[in-house]
Amino acid sequence: MRRLAFSCALTLVFAGIAHAEPASSAALIEEGRYLARAADCSACHSVEGKAAYTGGVPFDLPIGRLYSPNITPDPQHGIGRYTEQQFARAVREGVRADGASLYPAMPYPSYARMSDYEMQALYAWFHYSVTPSSEVPPANTMRWPLSMRWPMTVWRWMFAPKPMQARQMSERSFDDPDVARGAYLVEGPGHCGACHTPRAITLQEKALTARDGPAYLAGGDAVDGWIPPSLRQENRTGLGRWSEDDIVSFLRSGRAQSGSAFGGMTNAILHGTQYLTDHDLHAIARYLRTLPPARQPDPKWSYDDRTALVLRKGDVSARGARLYVDNCAACHRTDGRGYPPVFPPLAGNPVVMSEKPDSLIMLLHTGATLPAMQTAPSAFTMPSFAKRLSEREIADVVSFVRDAWGNGTVDVGKMAPEE
């Protein structure tokens, strides 16, 4: 799971339809800034402590590690020599100015939906407002022959639609114009499917839009050790119990009554979605709530108080129970309900009930910080337990959490070696 920032007063709908000419170049640049945030450009091209858009963010792919490029208007190390046409081709078709293909870490199959007008606005923002930088990102570490780019030309022909194709593929009618707007933002510039849709062995997303089938946003493959969850309406492992306001709050602040952001989604909110207009945030939420569960039957979650009652009596005989009480209960409570939106609930949490426990294990190993946002000025940190708990103990406490309070998911205790 990587990944958006938007609080401008703009409400223009730039979904590939005709637009009036902006009153000034400043207005065009401002639209470009909003689009850059909607497209999450900063999260993937900015490293903390360095100037924005100077690249260097690592991406670990099955073929090796690559680093995002410098996309400031520096003429030598950035995109300063790109024409508007070359810029648009790179963003929407994955082809650099020198004709070489970009790797699919760049979500150009989603960006292909963006209009010529939007390319003009983005180009204006990057070339006339972003500060040029001569920063040079680290070299990619992919071995030959995987480092050759020409096979990506074949990949693009097979799996990446041209802009006109992308718009035609996604055309469908919606009764609610807000849902239509949300569909465009999610499937287009927001490129949510790049992380939250599973990929084939050839690295393409199994679905680029909801029109392509239930695989779309049904949960992605590991991204830097984190498992992006389903954004569909699964009751236990998706957004089936999240209200529209829950989703909006999460995208605006990284905090909601049902969960908190971590991993790559934190950057997506920090750099992108927290700056979206209220209208666009609600549009996204309404669209996501139209996506039915990817799997049937869709079992329902209901709270089970047996674990809470046992712990309240001081009984910590169950495997992992004492570890939970000693290390987790202060924030997440013995009833698993937490103190949302500060400390998220573990009872009924979709990430806790995921088929794969990777994200929970990663959280215990690395910890996580939810930074301050515009509407949530206080940062909160979950510490790393890697030095405090052994692998066996981490497996035990994760298994306990996944089985308690009605979560009832698969025991992961066998993942760790006995000590």
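Between Y324 and F400, the ring planes lie tilted relative to each other; the angle falls in the 30° to 60° range. Ring planes of F87 and F126: tilted class, angle from 30 to 60°. Ring geometry for F262 against W226 counts as tilted: the plane angle lies between 30° and 60°, on a 0 to 90° scale.
Residue V352 comes nearest to L360 through the heavy atom pair CA-CD1, 3.9 Å, listed as atom of the first residue, atom of the second, then distance. Shown here for S359 and I227, the closest heavy-atom pair between the two residues is OG-N, 2.9 Å. The minimum heavy-atom distance between P350 and G238, with the atom names listed, is CG-O, 3.3 Å. Nearest approach of T266 to P371, heavy atoms of both residues: CG2-CD, 3.3 Å. Pairing each heavy atom of P177 with each of D175, the nearest pair is CD-O, 3.7 Å. In plain terms, the two heavy atoms of A210 and Y287 that are nearest each other are CB-OH, 3.3 Å.
Side-chain N or O atoms of R232 include one that pairs as donor or acceptor with a backbone N or O of Y216 at under 3.5 Å. Looking only at distances, a side-chain donor or acceptor of S68 sits under 3.5 Å from a matching main-chain atom of C44. With hydrogens and angles disregarded, a donor-acceptor distance shorter than 3.5 Å links the side chain of Q165 to the backbone of K162. Put simply, the side chain of N267 never gets that close to the backbone of G264: no donor and acceptor are under 3.5 Å apart. Side chain of S384 to main chain of A386: a donor-acceptor pair is present (N/O by atom type, distance under 3.5 Å, no hydrogens or angles). A donor-acceptor contact shorter than 3.5 Å is absent between the side chain of E30 and the backbone of A26. A donor-acceptor pair under 3.5 Å is absent between the side-chain atoms of R322 and the main chain of G320, judged by distance alone. The closest donor-acceptor contact from the side chain of Y108 to the backbone of R89 lies at 3.5 Å or more, if one exists at all. No donor-acceptor pair closer than 3.5 Å links the side chain of D280 to the backbone N or O of T277.
Donor-acceptor pairing under 3.5 Å is recorded for the side chains of H271 and S42. Residues R156 and S101 have side chains that bring a donor and an acceptor to within less than 3.5 angstrom of each other. For E118 and S115, the side-chain atoms include at least one donor-acceptor pair closer than 3.5 Å. Counting only N and O atoms by type, the side chains of H279 and D178 include a donor and acceptor under 3.5 Å apart. Using a 3.5 Å distance cut-off with no hydrogens or angles, the side chains of E93 and Y111 do not pair a donor with an acceptor. With no hydrogens or angles considered, a side-chain donor-acceptor pair links S243 and D246 at under 3.5 Å. Side-chain contact check for R113 and S170: at least one donor-acceptor pair (N or O, by modelled atom type) lies under 3.5 Å.
Under the 6.0 Å distance and 45° angle rule, R333 counts as a cation-pi partner of Y339.
Expressed to the nearest 0.5 Å, how far CZ of R181 lies from CG of D176 amounts to 13.5 Å. The CD atom of E391 sits 11.5 Å away from atom CG of D396, with the distance rounded to the nearest 0.5 Å. Residue I394 holds its CD1 atom at 12.0 Å from CE of M362, rounded to the nearest 0.5 Å. In this structure, F159 CZ and T202 OG1 are separated by 3.5 Å, a value rounded to the nearest 0.5 Å. Between the OG atom in S110 and the CZ atom in R92 there is a gap of 14.0 Å [rounded to 0.5 Å]. Residue D403 holds its CG atom at 9.5 Å from CZ of R319, rounded to the nearest 0.5 Å.
Contact of the R149 side chain with the R96 side chain is registered, since non-hydrogen atoms from C-beta on lie closer than 4.5 Å. With a 4.5 Å cut-off on side-chain heavy atoms, T72 and T131 do not count as touching. For the pair I269/R255, no side-chain contact is recorded, criterion being any heavy-atom separation below 4.5 Å from C-beta on. Considering only heavy atoms from C-beta on, Q257 comes within 4.5 Å of P341 through its side chain. Two residues are said to be in side-chain contact when any heavy atoms from C-beta on lie closer than 4.5 Å; R65 and P138 fail this criterion. A heavy-atom distance below 4.5 Å is not found between the side chains of R211 and M169. Counting heavy atoms from C-beta outward, V91 and M119 have side chains that approach closer than 4.5 Å. Annotation: side chain of M353 is not in contact with side chain of N349 (no heavy-atom distance under 4.5 Å).
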Worksheet item: Going through the checks in order, is the side-chain contact (heavy atoms from CB on, under 4.5 Å) test met by L288 and L239?
Response: CA-CA 8 Å; L288 292 177; L239 299 179; 4.1 Å; yes
Practice prompt. Quick one: do L122 and M114 satisfy side-chain contact (heavy atoms from CB on, under 4.5 Å)? Show the steps, please.
Written response: CA-CA 10 Å; L122 269 178; M114 298 170 72; 3.7 Å; yes
Practice prompt. Show your reasoning for whether side-chain contact (heavy atoms from CB on, under 4.5 Å) applies to S260 and F380.
Written response: CA-CA 10 Å; S260 299; F380 295 98; over 6 Å; no
Discussion item. One pair to check against side-chain contact (heavy atoms from CB on, under 4.5 Å): D335 and Y303. What are the steps and the verdict?
Written reply: CA-CA 10 Å; D335 61 7; Y303 186 79; 3.3 Å; yes
Item to complete: Go through D315 and K313 one step at a time and tell me if the salt bridge (charged side-chain N to carboxylate O under 4.0 Å, His left out) criterion holds.
Response: CA-CA 6 Å; D315 184 349; K313 294 176 181 178; over 6 Å; no
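Taking the charged nitrogens against the carboxylate oxygens, R199 and D221 have no contact shorter than 4.0 Å, which rules out a salt bridge. Between R252 and D245, no side-chain nitrogen of the basic residue sits less than 4.0 Å from a carboxylate oxygen of the acidic one, so the salt-bridge criterion is not met. Taking the charged nitrogens against the carboxylate oxygens, K387 and E393 have no contact shorter than 4.0 Å, which rules out a salt bridge. In summary, K50 and E135 engage in a salt bridge, as defined by a charged side-chain N under 4.0 Å from a carboxylate O.
Scanning for salt bridge (Lys or Arg N to Asp or Glu O under 4.0 Å) contacts around R388 gives an empty result, with sequence neighbours left out. Not a single salt bridge (Lys or Arg N to Asp or Glu O under 4.0 Å) links K356 to another residue, sequence neighbours left out.
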Considering only distance and modelled atom types, tabulate donor-acceptor pairs under 3.5 Å from the side chains of residues 292-300, sequence neighbours left out.
from, atom 1, to, atom 2, distance (Å)
R295, NH1, E355, OE2, 2.2
Q296, OE1, D298, N, 3.4
D298, OD1, N235, N, 3.2
D298, OD2, N235, N, 3.1

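Aromatic ring centres of F250 and W242: separated by under 6.0 Å. Residues F385 and H365 place their aromatic rings such that the two centres sit no closer than 6.0 Å.
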